[in-house]
Amino acid sequence: MTNKTQQRATRNYRARLEQRGFKRLEVMALETDRAMLRTLAHRLAEDGPEADRARVAIKALVADGSPEPGGILAALRRSPLVGADLDLSRPRVEGRRIDL
């Protein structure tokens, strides 16, 4: 366990980072990706043109897999069956009677 002084120092350090807009995150990844993720985190923290390029590239990579709100409706509107005047109604059939 750490002593009170170390705990206070850690708390103060994290508070200063939070004032600068940083947030502490936990990431689950493969051990082989550890160095790459640490380097990426440091580059993003520098907030320069290199960080902006990395953000654009990562957002483009991630955006392809994340669904947008209204995506199902947009897909239905692109369907080749739009305007085909299909009759999708079903006859109403009462269930059979059973003795319990």
For residues 72-98, tabulate all N or O donor-acceptor pairs below 3.5 Å that involve a side-chain atom, not counting sequence neighbours.
{"residue": "S79", "atom": "OG", "partner": "L81", "partner atom": "N", "Å": "3.2"}
{"residue": "D87", "atom": "OD1", "partner": "S89", "partner atom": "N", "Å": "3.4"}
{"residue": "D87", "atom": "OD1", "partner": "S89", "partner atom": "OG", "Å": "2.8"}

Under 3.5 Å, sequence neighbours excluded: what are the donor-acceptor pairs made by side chains of residues 33-44?
{"residue": "T39", "atom": "OG1", "partner": "A35", "partner atom": "O", "Å": "2.8"}
{"residue": "R43", "atom": "NE", "partner": "E50", "partner atom": "OE2", "Å": "2.9"}
{"residue": "R43", "atom": "NH1", "partner": "E50", "partner atom": "OE2", "Å": "3.3"}

Legend entry - ILVMFWY network linking Y13 to F22, side-chain heavy atoms under 4.5 angstrom: yes
